[in-house]
Structure formats: C-alpha cells, structure tokens
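So the structure is just underneath, and the comments pick up after that.
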Amino acid sequence: MRAEDAAAEQTPENSRTSEAGAGWRCGKPGSYHELLPERVKPFSWRRPTVLWRSRNDVIAKLFGDPSDGIRRRCVAALTARGTRAAFTMHRSAAEFSFLLLGDTGEGDRSQYAVVPPALRVGEDTDFMVIASDVIYPAGDAADYPDKFFRPYQGYPGPIYAVPGNHDWYDGLQGFLRVFCDLTIDCTPEPWRGPLALVPRLLWRKPSAVDDKALAEARDRYRGSPRQRARQPGPYWAIDTPALRIVAIDTGIAGGLDRDQGAWLREISAGPKPKLLITGKPLYVDDRRAPGRIEGGGTVDAIVRDPANNYVAAIGGDVHNYQRYPVRVGDRTIQYVVAGGSGAFMHATHTIPRTRLVDEDDFRCYPLRGDSLSRYSKLYGRWLRMPKLFELTPQEATEAVRYRLGIEPARAYNSVGTSPGAAPSRRARIVAALLGVPKGSGAGRASRGFRCAGCRSGSAPRWSTGTARPSSRASCASTSPRSGCGSAASPPRAAATRRTGRPWRTT
C-alpha cells in the first residue's frame, strides 16, 4: 500500500470529504436522548412569546444600551467584596487544554445533541469556557437548572463563561448569581431624553431569582468540588506560564465601557501569547466588527497591536463556525466564530465569497452547500412546497458554486456530468431566494472557462484575497488529467475587476 493511500484511510470523514462526514447519511437517533428531561418544551424563535421576552435587544439598540451602567455597579460590588481589580485567575501548569462552546442555552434537542460529542472530545480537558449566550431567550435564572446545570453534569471540570447579549436581557442577574455568586440590583439607570418614557415602560425587568432552586440544581448536577468554580466577574483572564486567556463582556450592543477598555489594554500588555474570547466576534460573515470602546479605540486594534501578541480571537453570537486567518505584519491572527454549540444553526450559504481573506483559506461549518440544502428543506416544509424548494446537498453545492464563483470544498464527480456544469434553473432560483449572494466572476465565468492544458470545463480557482485579484487562474480540473496546473484567463465578458475595468484576456 502506498503511503498516500494509508494516510487517506487513516483520515476520518468530515464535511469537506463526504456527505456522510457532514452527517447527511446518519439515520440513527443520537445518544443525547438519554440526557433529555422527561418533558422538553420545544424552543422556537418564530414563537411571539419568545421574541417578546427578547425585546430588550431592540430597546437597547434604539434608545441606548444600559449594560455599561449595570456592569459598573457589578464591578464596584465585586471590588468591595475583595475581588482583585485584575480579575485574573492563575494556573501554574505550563501545559493545559480547555473545551470551548458558544451559544449553548436553548435547552431543547439542539443543545442536548451537542453534549455527548462535546464531552467525549473534552473529557480530559482542564476546564470549559462558554462564549456568549449561556441561556436563551433572556438569561433568566430560572432556566439555569435545565439549560446549564443538567446538560453539563457530565463535564468533570469547572466551567467559566462570558455573557452574550441574551444573558443581558435580564440585566445579567442570572449570570452573576450563577458564575460570580453575586447579588446586586440589575435594573438599568433611567433613560433620558424626550422619548425616555418608551424604554422605561417597555424594558423587561429582571425576573425573580429562586436561590434555593439554583442551589439544589448545582448540588444535584454539578456538586463535586472540582466542578464548582467562581469567576472574578463578567470579564476576566486566566494567566498561565504559556498563554493568557482574556475574556471580555460585550453587553447587548457589542461595545465595552471605558473601565473595561482600560482593563483590557492593561491585561493585554506584554509579549506573552494571548487568546481573546468575546461575546461578539470581530470577524463574521466576511465583515469586520472591531468592537467599539467607550472613549475611543477598538478591541481589534488591541488584538492587532504586535506588542500585545494575540494569536487568536474567538467569539460566539452567530450560530455556526467560521475561521479567518488574517495576516497582520509578520504574523497570522486566527479570527474564529464559534457559536454552533447548542442553538439553532445560522446559515453559512449567505456568506459572500470572502474578501477579508483568500477564499481558499476561509473555513466554515456547515459548508455553504450543506447549509443551503438544509434551509431549502426547511422552507419546503414550512411553505408546503417541497418539490420547488428542496435541494440535495449536491444540487445545493453546485448552486453555491455557480452563484459565488468558487470551487466547493467537497467536490462531486458524477458520471456523465462535466465538472463545473451549471446547476438547474430551479436550483439557481432557490439559491437566489434563500440568500446566496452573487459573487464577482460567478455564473458565466465558471461556465466559460477552458483550460488550455487539459481542455476541461472546470471552474478556475480565482484569487480572491485582494482588492484586485489576479487575472490569471489555475486549472481546478477533476478530469483524468486533473492537477495539470495550466494557467488560463477568464473570458472577457465574464467578469470585471472591482475597479470596474475589464479583465485582461489572452
């Protein structure tokens, strides 16, 4: 057996290699059913009562986010209790590992389905971190027994967290009680201005906390000494000899108050490698969200500063996985979205062909084609038009390739179908209706390509990492003469540069 064949056999299947690896062919019920409570109330964001309980998000964005004022009172109470201003926990071990989950707390099958594989992967880790939205829809303390303590009863180590916008919808009251053992008044400061009466009347007040029920849930599900932990505050750091983990609280709207900003600048100083964990990702859906700091500056400016030596920034909030390796000077910072650990899965097929990084370096889960296929089935069922909407993973993958002008991570080589063939008209219409963007150089560019070396009709691998991509492309053929590497140029009518000038052709 050749070494290449042996390596291929040892590589586990994943969504980039096969439909089976993406989970399409799994027909058995998951083992998570054994973990579910006897009665699981279905959770749906289409339910008006759920949206009404989450109304503080809209109020904060229209009339002002009160998170900064509440956080200042929280920090003052923690300081008065004796918590050190550095809000830092120390670990002496030079080597350690931890499990990171994001956006976990729906409390239904979508959350519990992730628990068995997460515990299996993280069984020998030292601690867990939840990045954003521990409890949906509004962070209520009454939801912690079934949406936090029960599902993670099998994790043997301590669990720390950074709050997301949904945890703030009750003023962060439940989060502070569970993770910081802090009881404070979490009502917002009065709004001011001619319309101040509107947010005062509509703002959802924190619900009552049953401390006895929380204590019983903790003792029942996570009562061992190793599982019990109290973090310094809503933002914190873990310092080790090899790495400093810095976790920030971005409130409802995604910004930092000036006090937390000053803490972040201080804790970030120095050459030790650092990892940022944040409730809001800094790169998401091919756009940059640098994170405003009250008084000036941004979170991303601190991360990019070479003197601070950040190696990665991980955020939740968006319920899927995305990774952007961004070159900053002579180093690469990994910007990661990691919010697919328990809530419904956000679409990835709506992510445009990446410009912030080269498309070949970008990673997402689910793959865009799998995302489109899944959403097409959902819309087909909701609208009772499955024959119109439903796309197979292969049809969806080809539609995404056609719309975005990219080579899919998982290629299909059907007998009798030329590589890069245009998808059906129905598939193209469904892709457009469900939000797949139209990429530069898509559609006709993919169909008009011909490799001068092997004469295949395969779509080229365009260079997408710069504002002015190369007018040359290499062959991406999967024909028997695949990998010929011949250079070719797109047809004149197929695409234009972002500057509007036509491509040079040969």
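Just so it is clear, the values below take in all heavy atoms, side chains as well, and ignore hydrogens, waters and symmetry mates.
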Partner of D239 under salt bridge (Lys or Arg N to Asp or Glu O under 4.0 Å), picked from R84, R91, K272, is K272

_Using modelled atom types and a 3.5 Å cut-off, is there a donor and acceptor pairing between side-chain atoms of E189 and backbone atoms of P66?_
no

*Short N-O contact, D259 and R71, less than 4.0 angstrom*: no

Kindly indicate, with the supporting measurements, whether the criterion side chain to side chain donor-acceptor pair (under 3.5 Å) is fulfilled by D143 and Y136. CA-CA 8 Å; D143 287 332; Y136 289 105; over 6 Å; no

Tightest non-hydrogen contact, residues F175 and P163, listed as CZ-CD, 3.6 Å

Closest heavy-atom pair, R177 versus V209, reported as atoms and distance to 0.1 Å, is NH1-CG1, 3.2 Å

Check this for me, if you would: do R374 and D370 make a salt bridge, where the nitrogen-to-carboxylate-oxygen distance has to be below 4.0 angstrom? no

Contacts of R327 meeting salt bridge (charged side-chain N to carboxylate O under 4.0 Å, His left out) (sequence neighbours excluded), chain-then-number -> none

Salt bridge or not for D140 and R204, using N-O below 4.0 Å? yes

Contacts satisfying ring-ring contact (aromatic ring centres under 6.0 Å, His included) that involve residues 284-316 (not counting sequence neighbours) are none

Note: W263 and W236 closest approach over all heavy atoms is CH2-O, 3.4 Å

Answer yes or no: is there an ion pair linking R368 with D286, defined by an N-O contact shorter than 4.0 Å?
no

All heavy atoms of F148 vs all of V178, minimum pair found to be CE2-CG1, 4.2 Å

field: Distance-only side-chain donor-acceptor flag, T298 / D300, under 3.5 Å
entry: no

- Query: Do we see a donor-acceptor contact under 3.5 Å between the side chains of Y283 and Q334?
  - Reply: no

